[in-house]
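Notes for the one structure printed next.
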Amino acid sequence: MSSGDGGEVASAAAGPPTPLEWKFSQVFGERTAGEEVQEVDIISAIEFDKTGDHLATGDRGGRVVLFERTDMKEHGGSRRDLERMDYPVSRHPEFRYKTEFQSHEPEFDYLKSLEIEEKINKIRWCQMANGALFLLSTNDKTIKFWKVQEKKIKKVADINVDPSKAAGTGGIASSSVSSSPKPYLANGGCSDRPYSSLSNDLSFPPGGIPSLRLPVVTSSETSLVARCRRVYAHAHDYHINSISNNSDGETFISADDLRINLWNLEISNQSFNIVDVKPANMEDLTEVITSAEFHPTHCNMLAYSSSKGSIRLIDLRQSALCDSHSKLFEEQEAPGSRSFFTEIIASISDVKFARDGRYLLSRDYMTLKLWDINMDSGPVATFQVHEYLRPKLCDLYENDSIFDKFECCLSGDGLRVATGSYSNLFRVFGCAAGSTEATTLEASKNPMRRQVQTPSRPSRSLSSSITRVVRRGGESPGADANGNSFDFTTKLLHLAWHPSENSIACAAANSLYMYYA
Amino acid sequence: MSRADEPLYPIAVLIDELKNDDIQLRLNSIRRLSTIARALGEERTRKELIPFLSENNDDDDEVLLAMAEELGVFIPYVGGVEHAHVLLPPLETLCTVEETCVRDKAVESLCRIGSQMRESDLVDWFIPLVKRLAAGEWFTARVSACGLFHIAYSSAPDTLKTELRSIYSQLCQDDMPMVRRAAATNLGKFAATVEAAHLKTDIMSIFEDLTQDDQDSVRLLAVEGCAALGKLLEPQDCVAHILPVIVNFSQDKSWRVRYMVANQLYELCEAVGPEPTRTDLVPAYVRLLRDNEAEVRIAAAGKVTKFCRILNPELAVQHILPCVKELSSDSSQHVRSALASVIMGMAPVLGKDATIEQLLPIFLSLLKDEFPDVRLNIISKLDQVNQVIGIDLLSQSLLPAIVELAEDRHWRVRLAIIEYIPLLASQLGVGFFDDKLGALCMQWLQDKVYSIRDAAANNLKRLAEEFGPDWAMQHIVPQVLDMVNNPHYLYRMTVLRAISLLAPVMGAEITCSNLLPVIVTASKDRVPNIKFNVAKVLQSMIPIVDQSVVEKTIRPTLVELTEDPDVDVRFFANQALQSIDHVMMSS
């Protein structure tokens, strides 16, 4: 990764880019003090589209909310005017609410006697076409393909058969609203639709019939309409944890605990199983798939991570069923460091390709690891996310927090990585050569409040009063020996980095916070 | 609308419903678009209806699909070929929608209209449309454009032709893989209209770019282009340009590309001629037959007969047959199954000696395959082998296997065998049949699966037809009648079924003397299901036997059944009695 493209500052010298100064940009669905969070409102997925002009979030209530970027559109044409007005030129991405729709509903599988939650597990944007947005959303079992488009609201203004007038002539016109047969035909016959008696050899005068008119349609306003175009169902026995589009623009994968299926976007009734790790005997099961993603440019390559901490790269060209990987990335554990928790915390919760496809980022419980796909001996960098929790693993295990699945993301230029932690904190690390950047931010209007520049020495200036207001219930905040407080219940699992700018969107319960630098 | 126009009322409603809220009604109206057009007249169709359709194109896909289809045959309604161009605008917008099937239909309709348009109109209207689509902002338009070049090209003047070729080559390098795929798919069609001189230069360089595309999905469509282009080029050009590509493709890293090659290879053999086939394509095909990926072997195995037909027999025996032997014991059942479905076709190609020596052992091993599909695929083509190796050898070597399959534990396999028994019987002849297969036919009547018992009964009928009533009287009827005392009612029912099928074949005399008494006895059965089936069988016998027998035997039995405690028995008995009365009345 070259450090030269790290912005104006870095281009001056060959050194690492200077740490970013993060500022609060926006918040959607901010909680007021003391407000209870509704379970259904909790955000469960965040995704920017490829251009960065749109952002989608999914929640536990099965809804998808779309946001669109506003700062570009307004000034796109008249940038020069704005400059003359001494408008601040260095704009940061700003979004506004665009629309929302109910993507999934709770269901009940009667055959397996299983409740299927409506919670959105993942959202992925697809190629835009004709000004309409397309995206895939999935819950545990069913993937849906959505089209969101501005539609003109049409009103039919002028028609041949005036309903009011025709009502007098024996209720003829009501045939266009009801389908009851009307005995109006000359031969006394009835028909469901008046024209069903029209035969094709009916003769018309050569010039046509002048009294017939086409309906006149007027359209005044437009509205955004989300329509479900396709449903990809019944292909997963286990819970879907990931979906990912292929760069070929026609296929995508969906991964559950044991299998990965390949779909064609246009064919919803069949999929191909490309990875199957289910052992013949389920008692032999030691490892499950936790996340999967296609390479951003090579349509034949995909990576999937496992609960044992390994990432496998597979090449779809090699064989139709890719049970054997072409590359395996895992870190050998240091001898002697093994404990009861070793295997649990090794489980990878998320894996992401960098935009150039050369690097892979993975998140396990304690660390972020950056891998070079050309080097399978070990990660090129490891970042400790919340090392201070290591003594507390026992507590975390008891309250199941140790199984929390944190996501991770990379900046568009590949120079930085980010991931979430507890107490609504998230961390940004510089991964360019020589960079020591490690910032801790809080998902609040004052993100730098909790900033810890040197991770080994936690800052003493810790707030308590405000966090306490935000925190629900009466759980006392855990605090380590250094007074570093943390709260298991407010975890920041989902976040996404804007594809081209230094802007991060992250979810704190039901609120969506946006930051820029 | 006034009362005077009332005959027009249906058409008025039809027009109004173009904009009805109910999609079904809109669909109906669109499907009757030609009626609307005729009612409006040609001029108003051109000036009002077509613009109306162009503006109202944000409808449901189903409606759009119907519209795209209707517009394709709309030339007569707009005033003939000289006005055909007015149909282009609505189809142009339909070419840009994101639903593939609508776009494809719009392209198809455009091609249909374009191929009827006058040359000058094509230049004035059609070619500009192709260029607009090819420069479209969204990939959907560009995808559609690829399918229109072959219509536009031939009528274009030279300067435009150059431009069209360069636009096509740009489409082949589009950023969107979807566009490149569409360009690759349509390359063959376009190339067929391009002059030979440009074919060798422009088109071949486009083709070479496509064959080196990063995306598998594009490369594998380029494979299809190989065969199409190969047929257009002179054999020596084909050998020079296409052959190396296909040989490369046959060793592509991606199994999907090799799979496409395996499917298409035999088509190329014809294009390149016998010598390059022998030196290059046979080795390539042999590699594909031995590919690591089962999917590729499946495709290659499925084409083995087609490929052998092109080769001379020595080459086939020398190169292909060893691979076929390996494939017959392939680890993948699907490969064996694909082989089994075509291998029979190799017999006529190889001739009798090679078939007996080399193919027969393979047939036999496939016939004993553990996977039922494989066995079934062999059996279904047995008649083809018979033509080559003759009945004696067939019966000697295949019969044991068939007998084994007749008792296969998969009922579908047994069913398939039963369906081939009459064919086998006709080829084996009576003597052979009695020895080996007669017992089996009876055994199937007592199968555990209903479909087999039913098929077995049908089989008896077809055998009786094949060998005649006398033979059946000796070899079938006694055994069947014996089974009527089977303790299980379902088997007794099978006997009834067999009797009702045999009766028409056996004729009145045997029916009265042998079959009818058994039925009458069965009418005293304790199981109601047997009794109402007796009523049904008796009804089916009415037309076969003599009037007196009906009155003397059938009617009394039925009358007795009408007093049965079971309602179904009474119902069918009454129905049969009615049918007797009906026959009496009509006679």
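Labels below follow one simple rule: chain letters A, B, ... track the order of the sequence lines, proteins then strands, and each chain is numbered from 1.
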Do A/Cys126 and A/Lys50 come within less than 4.5 Å of each other through their side chains, counting heavy atoms only?
-> no
Could you check whether the rings of B/Tyr259 and B/Trp255 sit parallel, tilted or perpendicular, using 30° and 60° as the cut-offs?
-> perpendicular
Which atoms of B/Asn56 come close to chain A, meaning under 4.5 Å heavy atom to heavy atom: side chain ones, backbone ones, both, or neither?
-> both
Flag the one option from B/Pro177, B/Gly136, B/Ala37 with the top tally of heavy-atom pairs under 4.5 Å to chain A.
-> B/Pro177
Got a sec: does the CD of A/Gln149 have more than 12 other heavy atoms crowding it under 6.0 Å?
-> yes
Residue among B/Asn292, B/Asp21, B/Asp291, B/Asp61 with most heavy-atom pairs under 4.5 Å to chain A = B/Asp61
Largest heavy-atom contact set with chain B, pairs under 4.5 Å, which of A/Asn300, A/Leu321, A/Leu316 | A/Leu316
Please flag which part of B/Glu48 lies under 4.5 Å from any non-hydrogen atom of chain A: side chain, backbone, both or neither.
-> both
Do other residues, nucleotides or ligands put more than 12 heavy atoms under 6.0 Å from the CG atom of A/Asn374?
-> yes
Just wondering, are more than 12 heavy atoms of other shown residues or ligands nearer than 6.0 Å to CG in B/Asp214?
-> no
Distance col, row B/Arg26:CZ vs B/Leu64:CG, nearest 0.5 angstrom, shows 9.5 Å
Heavy-atom contact with chain A under 4.5 Å, split by part of B/Ile15 | both
Working to the nearest 0.5 Å, report the span between CG of B/Leu27 and CG of B/Asp22.
-> 9.5 Å
Which is it for A/Asp356 and A/Arg358 under the salt bridge (charged side-chain N to carboxylate O under 4.0 Å, His left out) test, yes or no, and what are the steps along the way?
-> CA-CA 6 Å; A/Asp356 60 1; A/Arg358 167 97 188 264; over 6 Å; no
Of all of B/Glu137, B/Glu55, B/Arg258, B/Arg181, which one pairs up most often with chain A through heavy atoms under 4.5 Å apart?
-> B/Arg181
Would you mind telling me which of B/Asp252, B/Thr140, B/Val257 has the largest number of heavy-atom pairs within less than 4.5 Å of chain A?
-> B/Thr140
Could you look at B/Thr96 and say if it's the side chain, the backbone, both or neither that has a heavy atom under 4.5 Å from chain A?
-> both
Test applied, ring-ring contact (aromatic ring centres under 6.0 Å, His included); reference residue, A/Phe134; option that passes from A/Trp146, A/Phe252, A/Phe145 = A/Phe145
At a heavy-atom separation under 4.5 Å, does A/Gln318 approach chain B through its side chain, its backbone, both, or neither?
-> backbone
Applying a strict 4.5 Å limit to non-hydrogen atoms, the region of A/Ser247 in contact with chain B is both
Select one option (side chain, backbone, both, neither) describing which atoms of B/Glu99 are under 4.5 Å from chain A's heavy atoms.
-> both
For B/Arg180, is it the side chain, the backbone, both or neither that has a heavy atom under 4.5 Å from a heavy atom of chain A?
-> neither
